[in-house]
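Some notes on the structure that comes next.
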4 protein chains.
Amino acid sequence: MQSRTPASRTGRPRSAAADAAILAATRQALVELGWSRLTLGDVATRAGVAKTTLYRRWAGKHELVVDAVAELFDELQLPDRGSLAADIEGVVLQFAAILARPEAKSGLMAVVAESTRDEALRERIRASIVDRQKRLVLEGRARAEARGELPPPAGPEEAARTVDLIFDVVAGAVVHRTLVSAEPADEAWVRGFTRVLLGGLGAAST
Amino acid sequence: MQSRTPASRTGRPRSAAADAAILAATRQALVELGWSRLTLGDVATRAGVAKTTLYRRWAGKHELVVDAVAELFDELQLPDRGSLAADIEGVVLQFAAILARPEAKSGLMAVVAESTRDEALRERIRASIVDRQKRLVLEGRARAEARGELPPPAGPEEAARTVDLIFDVVAGAVVHRTLVSAEPADEAWVRGFTRVLLGGLGAAST
Amino acid sequence: MQSRTPASRTGRPRSAAADAAILAATRQALVELGWSRLTLGDVATRAGVAKTTLYRRWAGKHELVVDAVAELFDELQLPDRGSLAADIEGVVLQFAAILARPEAKSGLMAVVAESTRDEALRERIRASIVDRQKRLVLEGRARAEARGELPPPAGPEEAARTVDLIFDVVAGAVVHRTLVSAEPADEAWVRGFTRVLLGGLGAAST
Amino acid sequence: MQSRTPASRTGRPRSAAADAAILAATRQALVELGWSRLTLGDVATRAGVAKTTLYRRWAGKHELVVDAVAELFDELQLPDRGSLAADIEGVVLQFAAILARPEAKSGLMAVVAESTRDEALRERIRASIVDRQKRLVLEGRARAEARGELPPPAGPEEAARTVDLIFDVVAGAVVHRTLVSAEPADEAWVRGFTRVLLGGLGAAST
DNA sequence: CGGTAAACGAGACGGTACGTCCTGTCTTGAT
DNA sequence: ATCAAGACAGGACGTACCGTCTCGTTTACCG
């Protein structure tokens with residue numbers, strides 16, 4: 001994932017096990033120490049690896065954590081629950097469950113913070129985490145259209161704009177609820193949120 | 001703001017000018033260096049203040065940045081533009097404008113990241129930034145009810161829950177758009193967002 | 001002693017008790033902490049005095065300790081024990097007893113060390129400690145001459161040279177024994193030293 | 001010298017050049033700044049070395065200066081000048097010449113002062129400086145006995161006691177003359193001192 | 001199978017920032 | 001004017017990590 005395929009033919013090949021051990025150690029350290037106290041020397045020790053080995057693969061703390069956290073989100077799925085509302089509730093709950101894990105909480109916002117001044121890092125985050133999960137919105141939308149719950153988009157450009165907007169609203173709301181408000185995004189909250197998302201503010205307090 | 005009112009009568013009183021100079025220097029450093037390269041020694045130098053003075057008032061980088069960033073959000077207002085949609089668009093645009101400033105971007109997510117492991121820091125963020133701005137939601141809601149655009153809440157508990165939900169959705173969406181998607185939350189986007197917020201997903205692509 | 005007689009008539013007069021309290025606190029701190037860990041803030045606190053008061057009277061740590069230690073040596077006396085050898089042994093034992101006290105040990109060498117680069121400090125040490133005790137050598141010599149144990153000096157210049165030499169030998173030997181060799185300058189050692197001083201190396205091992 | 005032979009086989013070996021550079025820089029700083037203004041950060045900079053490297057080898061300012069100063073005394077020799085008096089005068093003059101150098105003056109008394117409260121430091125001083133130079137007394141004594149100028153000691157214990165005594169008298173007198181009296185231990189003074197040392201006080205004023 | 005070249009562990013390195021401590025000065029209100 | 005109290009600018013402390021480097025060792029491939 002992080003390898004830039006050095007394309008060398010000779011010499012000892014890089015240990016594949018080391019990569020996995022390092023990422024696992026990174027997540028473990030995030031759980032125990034959080035972002036700010038996590039050090040690469042400690043990660044290397046936990047992984048049973050020399051610091052050199054770690055730096056040969058990742059440029060720094062931020063890049064490493066992006067990769068370590070990205071793996072967490074790959075388990076997201078969009079189960080077919082029969083209606084758009086149920087589908088949304090299902091995937092939002094999954095997303096909230098991942099965000100509730102300390103290894104995600106600690107690391108995610110920190111790399112986002114840093115990405116405001118580091119274009120390459122932002123690209124890495126987008127490629128590894130954000131864009132990869134937009135598939136869920138696309139799939140959900142397609143299903144809703146098939147069911148007749150939503151009208152088809154006016155055009156491809158309109159479609160892309162809508163997907164981005166929905167993703168910002170959904171991901172943003174869950175993140176804000178979990179990290180800033182620091183309240184659980186539990187079933188009750190998710191139901192309320194889905195109602196607003198589908199019906200607008202007027203539907204909020206029913 | 002950060003002072004825990006040491007209430008000492010004797011001795012030389014703390015310089016009020018130092019506080020303002022430090023917070024201003026912090027914002028300047030955030031603009032020039034970003035969060036990760038900002039150092040307290042540098043902030044002290046910029047403020048023309050000894051490191052000691054800085055540490056006498058703030059416990060660390062995180063606390064300092066919370067206070068420095070919090071001041072940015074105090075300029076938010078809710079102008080009466082005649083309709084709920086227009087009011088929302090107005091305040092969201094203001095919010096987006098503040099978040100677009102580098103001193104807000106760099107610092108805000110970093111302290112949120114740290115707050116996932118530091119309960120006191122989270123409280124400080126909530127008190128200094130989040131709760132202070134919920135007034136906007138309350139005011140907007142009251143106006144909308146007076147205009148008949150929204151029904152009154154079912155009860156006080158219901159009202160609080162709705163305010164929190166709306167705040168999470170609005171703030172979360174703007175933050176995600178600005179920092180994660182890294183696209184401008186401009187007028188077009190805000191119009192689209194407001195339409196969804198008021199009318200739900202079905203109204204998105206009209 | 002340290003006062004430069006500010007000769008001011010008006011205002012609140014300086015507290016005389018403060019001087020004694022500060023010097024006593026300095027010696028106590030020397031005993032408990034030694035030279036390097038002694039701080040003026042701590043001394044002021046022990047003396048129940050503000051730091052300002054301390055700095056109004058002494059220029060710094062070195063000057064303060066010189067005065068605090070100098071008082072220790074003022075109790076030296078030259079009792080008439082009937083012979084030059086006995087007189088020497090008596091005063092050397094007294095000198096050794098003072099040097100064995102931690103408040104003298106800790107401070108004395110430190111100010112001497114600093115005095116190698118501070119002419120004013122050296123003068124203060126000489127005036128407060130060294131020259132003040134040369135009286136003992138003068139008195140001892142006079143007694144020995146009266147008893148016929150030593151011939152009178154060839155002249156005043158010769159006399160001064162001899163006094164200085166003897167002082168360097170006696171004080172130097174005791175200091176070196178106590179602080180560098182870190183062995184007690186007890187009666188046995190003092191007897192051996194006196195034998196050498198009076199009779200030369202050939203008499204050492206009798 | 002300061003290395004406690006960590007005996008590690010793996011890893012990058014310690015730079016031998018760094019040790020020499022640090023000790024030389026320490027002496028240079030002692031000359032220019034004296035003991036109290038010497039800082040380890042400055043020494044590191046002068047030596048072209050990181051502070052870390054310095055602290056990896058020495059525990060602090062005192063230990064470092066002991067080693068830096070100790071090297072100065074290793075050049076002492078006992079030239080055979082034909083008589084005990086001449087031998088003593090020769091070595092005392094050499095000793096005085098070293099003590100006259102600012103890098104020795106500034107540092108030596110300071111570490112002795114600290115050693116009164118630090119047993120390990122005292123041992124280091126004794127091992128690195130004092131005991132190493134007692135060879136001079138032993139050699140001089142042996143020569144004098146061979147020449148018939150001094151009687152052989154009564155026994156091994158007596159011999160050791162005498163060596164220590166002579167060392168305290170010689171070193172103490174020169175140190176006191178140089179640092180406390182702050183007068184040069186020049187040829188005239190050394191002649192007078194040697195006369196007293198060999199013949200006792202009665203021989204002083206001839 | 002033996003040589004070669006890269007990866008590996010270990011840990012020293014130059015460097016930067018940390019948060020604390022002390023110095024010597026100052027500013028307050030009270031004496 | 002002096003005092004107690006304590007904030008202040010400044011600077012050194014000793015520690016912790018960073019990211020690089022230099023070792024000696026291991027391990028795959030390639031001739």
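Numbered from 1 within each chain, the chains take letters A, B, ... in sequence-line order. Fair warning: this is a prediction, and the values are worked out from it, not measured in the lab.
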**Item:** Pairs flagged by ring pair (Phe, Tyr, Trp, His ring centres under 6.0 Å) wherever residues 13-51 of chain C is involved - sequence neighbours left out
**Value:** C:W35-C:H62
**F:dA7 OP1/OP2 closer than 4.0 Å to side-chain N/O of B:S15** = no
**Complete:** Considering only heavy side-chain atoms of C:A50, the closest of F:dA9, E:dG14, F:dA5 is F:dA5
**Item:** Atom pair distance, as rounded to whole Å: CD1 in C:I22 and P in F:dT2
**Value:** 14 Å
**Asked** Can you find a pair of side-chain heavy atoms, one from A:T53 and one from A:R57, that are under 4.5 Å apart?
**Response** yes
**Asked** Just how far, in rounded Å, is C1' of F:dA5 from CG of C:L54?
**Response** 15 Å
**Request:** Whole angstrom is fine here: how far is it from CZ in D:R57 over to P in E:dA12?
**Result:** 9 Å
**Message:** Quick one: does any side-chain atom of D:S15 pair with a main-chain N or O of D:A18 as donor and acceptor, under 3.5 Å?
**Reply:** yes
**Item:** Whole angstrom value for the distance that separates C1' of F:dT22 from CZ of A:R56
**Value:** 13 Å
**Member of C:D42, C:L38, C:L54, C:L40 meeting the side-chain contact (heavy atoms from CB on, under 4.5 Å) criterion with C:T26** = C:L38
**Asked** Looking at residues 103-115 of chain A, who's got a heavy atom less than 4.0 Å off DNA chain E?
**Response** none
**Polar side-chain atom of B:S128 near backbone of B:I125 as donor-acceptor pair, under 3.5 Å** = no
**Asked** How does each nucleotide of nucleotides 11-16 of chain F score, in 5' to 3' order, for protein heavy atoms under 4.0 Å: base (B), sugar-phosphate only (S), or none (-)?
**Response** BSSBBB
**Asked** Would you call C:L23 and C:L64 a side-chain contact if the rule is heavy atoms closer than 4.5 Å?
**Response** yes
**Asked** Do the charged groups of C:E114 and C:R122 touch, with an N to O distance under 4.0 Å?
**Response** no
**Message:** Tell me the interatomic distance from D:R14, atom CZ, to F:dT22, atom C1', rounded to whole angstroms.
**Reply:** 15 Å
**Request:** Round to a whole Å and report the spacing from NE2 of A:H62 to P of F:dC18.
**Result:** 11 Å
**Request:** Look only at the side chain of D:R124 and the backbone of D:V66, and say whether a donor-acceptor pair between them is shorter than 3.5 Å.
**Result:** no
**Item:** side-chain contact (heavy atoms from CB on, under 4.5 Å) partners of D:T52, counting only residues at least two apart
**Value:** D:A50, D:R56
For residues 103-112 of chain C, which side-chain N or O atoms pair as donor and acceptor with protein atoms under 3.5 Å away, sequence neighbours left out?
| unit_1 | atom_1 | unit_2 | atom_2 | d |
| --- | --- | --- | --- | --- |
| C:E103 | OE2 | C:R101 | NE | 3.3 |
| C:E103 | OE2 | C:R101 | NH2 | 3.1 |
| C:S106 | OG | C:P102 | O | 3.1 |

**Request:** Round to a whole Å and report the spacing from CG of B:D19 to P of F:dA7.
**Result:** 13 Å
**Nucleic acid footprint by protein, nucleotides 24-31 of chain F - heavy-atom cut-off 4.0 Å, B for base, S for sugar-phosphate alone** = --BBS---
**Request:** For the pair C:R117 and D:E32, find out whether any cationic side-chain nitrogen is under 4.0 Å from an anionic carboxylate oxygen.
**Result:** no
